[in-house]
Amino acid sequence: MSTSFTPGLVTPMPLPRGASANPLPEPPIALSIITPIYNEEQNIPKLLAGLLQALSRLNKRFEIIAVNDGSRDGSLAALRRQAMLHPELKVLDFRRNYGQTAAIMAGIDHASGDVIISIDADLQNDPADIPELLAKLDEGFDVVSGWRKDRNDGELRRNMVSRIANRVISRISGVHLHDYGCTLKAYRSDVVKGVRLYGEMHRFIPIYASWMGARVAEIPVRHHAREHGHSNYGLERIFKVILDLIVVKFLDRNFVKPIYVFGGFGILSLLLGAASFLLMLALRWFEGISMISTPLPLVTVMGLMTGVSSILMGLLAEMMVRTYFESQQRTNYMVRERINFDPAD
Ligand code: UDP
Ligand code: MG
């Protein structure tokens, strides 16, 4: 049976769950749009209008999850006004500012669509690109990442530095994209549900996903200069991003068995210490060279000590990994209020 459904025009009466009397049961939500919001009061009406315009053409049931990340301006009030007009808009109000990554994370946790799309609220991304992202997903990809090919941010501040950063990330991660930082991305929900993101890590979702076997594609998207409000980031973000990348890389490859990393290094150190000890003895016995006149005693002691402590650190890390897995249920953000959500969700 094919029924065309235009979200926003029909609002069926709420029925008890599982009720069969409804001749036109609501289809499940196909698409969840997530938008992180920090001081975007003036951008909210236009953002909503743009999203609704792009989404209503798709003939898919959708939800827009706006995460108010502790804004200090009238963003929450603006969201409330929009949520009254549009039941597809759901709002999560954070207790304080937790950062863009936590906001996207919360959106993913609360999303019910099979496809999840993240988009900046400041209108730098263009909702009109959403259909192209979806079309690319339909070609069989699990993640489609936007590439701000003509980027409209300050020249040095963004364009040059970020080009270098993107190269570094591409090299280290082995997942080759031009633009990791573009928030406009589409994911199949099964590849992102359950990822835990910290710091600046939302930009690495394609990397995680690819390591897990997901097919990742990139398409050029539009990028506009900011009209209202201002960017929340400066150059220091580059360092955070690179440090987070090292963590991601380390956690992915070795997280489950940190003892292999620390222990491996520890064993190498022990071997170095032992070799240096034997060389020291050999020099003394066969060449008559006093061990005190060489750096070998120092190398021996350092090697043995570093070796032992690395192995102990590996054991500690193993304990932490276990604790981590057991505390998986915890979130790193707190929600004060949920608007327009189904209470059972
Ligand atoms: N944002 C957020 N929490 C923050 C900082 C930013 O939710 O602590 C949101 C912000 O409202 C915007 C998006 O994240 O929708 C991107 O932020 P911004 O425009 O400042 O970043 P830039 O475009 O300069 O990279
Ligand atoms: Mg921006």
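Counting starts at 1 for both ligands and their atoms, following the listed order.
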For the residue pair D69 and Q100, establish whether any side-chain heavy-atom pair is separated by less than 4.5 Å.
no
State whether Y98 and R96 meet the cation-pi test: NZ (Lys) or CZ (Arg) under 6.0 Å from the six-membered ring centroid, and within 45° of the perpendicular axis.
yes
Criterion side chain to side chain contact (heavy atoms under 4.5 Å, CB included) against N68, the qualifying member of N39, T35, N97, I37
I37
Do the side chains of F262 and L315 get nearer than 4.5 Å, heavy atoms only?
no
As a check for students: among F94, Y233, Y98, identify the option with a heavy atom nearest to atom 17 (O) of ligand 1.
Y233
Between E218 and K185, does the salt bridge (charged side-chain N to carboxylate O under 4.0 Å, His left out) criterion hold? Intermediate values first, please.
CA-CA 9 Å; E218 189 178 48; K185 294 191 177 89; over 6 Å; no
So, R226 and E40, do they make that salt bridge, N to O below 4.0 Å?
yes
Report, in ascending order of atom number, the atoms of ligand 1 lying under 4.0 Å from any heavy atom of A121.
15 (O)
Indicate yes or no: does an N/O atom of P36 lie under 3.5 Å from an N/O atom of ligand 1?
yes
With ring pair (Phe, Tyr, Trp, His ring centres under 6.0 Å) as the rule and sequence neighbours excluded, what pairs involving residues 104-128 come up?
H110-F341
Is the contact between D69 and ligand 1 made by the side chain, the backbone, both, or neither, using heavy atoms and a 4.0 Å cut-off?
side chain
Is the closest N or O pair between H230 and ligand 1 shorter than 3.5 Å?
no
Is any protein N, O or S atom closer than 2.8 Å to the Mg ion (ligand 2), and if so, which?
D122 OD2, Q124 OE1
One finds that the ligand 1 atoms under 4.0 Å from a non-hydrogen atom of R226 are 18 (P), 19 (O), 20 (O)
How does T183 reach ligand 1, by side chain, by backbone, by both or by neither, if only non-hydrogen atoms under 4.0 Å count?
neither
Numbered atoms of ligand 1 (with element) below 4.0 Å of I37, judged on heavy atoms:
7 (O), 11 (O)
Would you mind checking if E337 and R95 are paired as a salt bridge, meaning a charged N to carboxylate O distance below 4.0 Å?
no
Report the part of E40 in contact with ligand 1, treating N, CA, C, O as backbone and CB onward as side chain, heavy atoms under 4.0 Å; options are side chain, backbone, both, neither.
side chain
Select one of side chain, backbone, both or neither to describe which atoms of R151 lie under 4.0 Å from any atom of ligand 1, heavy atoms only.
neither
May I ask you to check whether S276 and T300 show a side-chain donor-acceptor distance below 3.5 Å?
yes
Examine the side chains of H223 and N125 and answer whether a donor and an acceptor come within less than 3.5 Å of each other.
no
Ligand-side contact atoms (ligand 1) for residue partner N97, heavy atom cut-off under 4.0 Å
3 (N), 4 (C), 8 (O)
Using a 4.0 Å cut-off to any heavy atom of R237, which atoms of ligand 1 qualify?
25 (O)
Just wondering, are more than 12 heavy atoms of other shown residues or ligands nearer than 6.0 Å to NZ in K193?
yes
Taking 4.0 angstrom as the limit and counting only heavy atoms of Q124, give me the atoms of ligand 1 inside it, by number and element.
19 (O), 23 (O)
Can you tell me if CG on D150 sees more than 12 non-hydrogen neighbours from other groups inside 6.0 Å?
no
